[in-house]
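Report on the following structure.
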Protein chains: 2
Amino acid sequence: MLAPVVCHNQLAKNIHDTCSQFGAAHRWGPGENETGMNRLALTDADKAVRDWFVKEAKGLGCEVEVDDMGNIWAIRGGVSDSRPTQDGSGKRLPPVIMGSHLDTQPRGGRYDGVLGVMAGLEALRVLKERDIKTWRPVGVVCWTNEEGARFPVSMVSSGVWAGEIPLGKAHSLKEVAGQEGKTMMEELERIGYLGDKKCSYEEMPMAAHFELHIEQGPVLEAKGKKVGVVRGSQAYKWFTVEVVGKEAHTGTTPYAQRADAFMAANSMIHYARWTGEEQDVLVSVGVFQVFPGSVNTIPGRVKFSLDIRSSSTDKLAQFVERHLRPKFDSIAKNVGANSQPCSVTWQEDTNSPAQLFDEGCCQAVKVSALSVLAAECQGNMEKAVGLVKYNMVSGAGHDSVHTAKRCPTSMIFVPSKGGLSHHPEEFTSEEDCVRGAQVLLESVLRFDREVWREDYERETAVE
Amino acid sequence: MLAPVVCHNQLAKNIHDTCSQFGAAHRWGPGENETGMNRLALTDADKAVRDWFVKEAKGLGCEVEVDDMGNIWAIRGGVSDSRPTQDGSGKRLPPVIMGSHLDTQPRGGRYDGVLGVMAGLEALRVLKERDIKTWRPVGVVCWTNEEGARFPVSMVSSGVWAGEIPLGKAHSLKEVAGQEGKTMMEELERIGYLGDKKCSYEEMPMAAHFELHIEQGPVLEAKGKKVGVVRGSQAYKWFTVEVVGKEAHTGTTPYAQRADAFMAANSMIHYARWTGEEQDVLVSVGVFQVFPGSVNTIPGRVKFSLDIRSSSTDKLAQFVERHLRPKFDSIAKNVGANSQPCSVTWQEDTNSPAQLFDEGCCQAVKVSALSVLAAECQGNMEKAVGLVKYNMVSGAGHDSVHTAKRCPTSMIFVPSKGGLSHHPEEFTSEEDCVRGAQVLLESVLRFDREVWREDYERETAVE
């Protein structure tokens, strides 16, 4: 397949013009585009970039629909739209969708989410300019509040679409900061994005969901890879662990008389970290609080977060249940050979199972990535193969994790400079952005051709 | 020696009446005396208890002097006062002093410091009532701001007396809390305790300093001992250690790409704690701060306190220099087998060398403790011996640590229930308080007799 080529200048312009106009913040360099972003969901800045997107999509001849979670669906018709549907409903067949989000972290960058939407828009522009017909409708969806930074559930709108989160719960989410504590529903109404379509995989089905995203980690860069084919998302659990011992004077209390909550926690985390590395499980502690917090008082209480991740849901559960819990208990009972006992309690805050992406979608991404890189390498396939990372597992959450439950899904990763993300200096080169957009476009076209073959076979089988 | 006996009821009454009237706080039980204390130095409550003390001491026939750090010296004359001094100055010979403090922690108890002063006063009362003549003058000193809780240098006034802390620095110390930030000098003047005597070991010398104090730790109770003979204070150093790595996403950053400041600090402390136990060095961490402090961000920076104690100053220095510093450096360079490097910096906040107490004073305390306990055990010396803990090392700081630099000093410890101190529920039974006061009185009398022998031998040698 000789794919049409996305425009380098147009994509970069759309990313930077919209970021500069709508929500730029946290300047980190003198250059025009050297700022980060603060574009929380459903704020005025978010409304402004949504309005811009709707206008652009309409200008490209798309129909634009908004659902009751404020997700914006820009759809370009396909050849199959004129065919009578099998069920006689007159509805068109589900579209192939490129999705991501336009909201950012309060101290976010210009690429997380934004790249996926702008690349989708650029793909639609190329299809229109080259007058390329697709079998299925092809479109872009902007998901609302993916970050969870303003309304505190991340990927909430794709969650509602997938039937994983009740609409009412999502609508009544209150903003995290701000005195007034507005709900998502109130803010959707205020900015005019409470649409009349029902946000649901049954009402607004997709043939597939492709998401181009920055990696937000250091792996591609460190390994010298240019494109990552994402095979799924890893499982993760968040816990709050509390260790209670007994406060005592650091100077007058021998080891044998201590119930040192700090040192118990220290040993627990030490065990978790090194056993985690042995077993290929990621263990991180980001929050650690000590009470009462005085230099010469042995802490009587310690509370810490435990973030545990693995590519396998089962492996993660086993790691926690078979290794951590019994070992934490035994450490609490006896920190050292002669110490007094502490107690330990666990609270599970988040449980997100691993999600595998669709084989066919991943295949479309893989072949497209090789095709794009082979062209760049003047046909040197060996070199091209070396520039693709296969079977990546997404460490962060994405809307694709929800869509994968209800339709074929895959993701494309491009490198993040220094692995930096959720930070104003988040950076992905224009070249990497354009390459990612090209892979996205080719993946959609490949997938559409495959669906056309399947639809054709089904129709002929019926006849 | 058949020692006069201190009065149980009088000592208990003095402790509890003054605590209930002047600065009681933090009620923890329904009983009359079941409160803690909040009697910060040079507050109105502190002035009130000082005024009470001065009146009591004068009622016992003592001369009362106040120095320019507000230390109150209550002195009962000795037989030697009528003898001409060797230097012809007309000054009396230095007194044997019982010292401690009346200020408390903001959430303190009724015994820390208070016991030592009230026991001294009770000893003076017994001497007066039994009309016992001592060779040297005998007295009580109330040291100002021992706790360092209001003006942030602990044992500041005995430090000035010993020439370790300049008077000007002490006078200009600002209170920790409070909008107005008053200085010690201002508050000494305000409550009328800026005395005209110079606080100095040269101007106000002591023949000896004995201090009865609660242990503030669990050792006596745990070992079933009743009296501790304190041989000195341990060395301690306080550090602030800072580890700097690099913030990163917990989900997207493999171990090999992490510079995890938290895990580096965790490993450092783990090493310090267990090596400390092997080498009989106490290692405690009471303050631990994590930046930025988000569940799914690997901390880029961690700051923690390190409180290290040993009975030997040299051993402590070697532990830090030969073990901790090189090991912390190597951990920072390579937290795990494959991690990215962090950096580590140390700041020394406090350095307090070990202080040995005087052999003769300790001997006086030891013999007195045995004598008191032997009487209690109806002469069963074996049992009495088993109730004394010898060669204790004080874990906490005390005014005696400063006085020991300039005059013979020792301390007497009595049990703290559950090792609890700096806490409203700090508790030492009346029986233990009285026993301690009895040992204090006998120690002073024994020491005085020894000094009389020495003075006599010196005088006869001169003649």
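Per chain, numbering begins at 1; letters A, B, ... match sequence-line order.
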First locate atom [atom1] of [X], then atom [atom2] of [Y], and finally report the distance between them rounded to the nearest 0.5 Å.
X: B:Ile269; Y: A:Asn266; atom1: CD1; atom2: CG; result: 5.5 Å
X: B:Ser339; Y: A:Glu277; atom1: OG; atom2: CD; result: 6.5 Å
X: A:Met263; Y: B:Ser284; atom1: CE; atom2: OG; result: 6.5 Å

* **Heavy-atom donor-acceptor pair, B:Thr252 side chain to A:Gln216 backbone, under 3.5 Å** => yes

**Q.** Sidechain-backbone polar pair: A:Tyr255 side chain, B:Asp280 backbone, donor-acceptor under 3.5 Å
**A.** no

Flag the one option from [options] with the top tally of heavy-atom pairs under 4.5 Å to chain A.
options: B:Asp260, B:Val287, B:Thr350, B:Val302; answer: B:Val287
options: B:Ile298, B:Val290, B:Asp307; answer: B:Asp307
options: B:Gly395, B:Ser421, B:Gly419; answer: B:Gly395

Under 4.5 Å heavy-atom distance to chain B, tell me which part of [X] shows up: side chain, backbone, both or neither.
X: A:Ala396; answer: both
X: A:Thr253; answer: both
X: A:Val283; answer: both
X: A:Thr250; answer: both

Original post:
Checking side-chain contact (heavy atoms from CB on, under 4.5 Å) for the pair B:Arg258/A:Leu282: CA distance, chi angles, key distance, verdict?
Top reply: CA-CA 11 Å; B:Arg258 297 183 179 202; A:Leu282 278 180; 3.4 Å; yes

message = Is there a side-chain contact between A:Pro218 and B:Pro254 in this structure, where contact means two heavy atoms from C-beta onward sitting under 4.5 Å apart?
response = yes

Contact leader toward chain B among [options], where contacts are heavy-atom pairs under 4.5 Å:
options: A:His270, A:His249, A:Arg309, A:Lys246; value: A:His270
options: A:Ala222, A:Ser267, A:Ser416; value: A:Ser267
options: A:Ser294, A:Pro299, A:Gly217, A:Ser305; value: A:Ser294

Just checking A:Lys315: does its NZ atom have more than 12 heavy atoms from other residues, nucleotides or ligands closer to it than 6.0 angstrom?
yes

Less than 6.0 angstrom from the centroid, inside 45 degrees of the normal: does A:Arg273 satisfy that with respect to the ring of B:Phe262? no

Smallest heavy-atom separation, B:Val295 atom then A:Trp238 atom, equals CG1-CD2, 3.5 Å

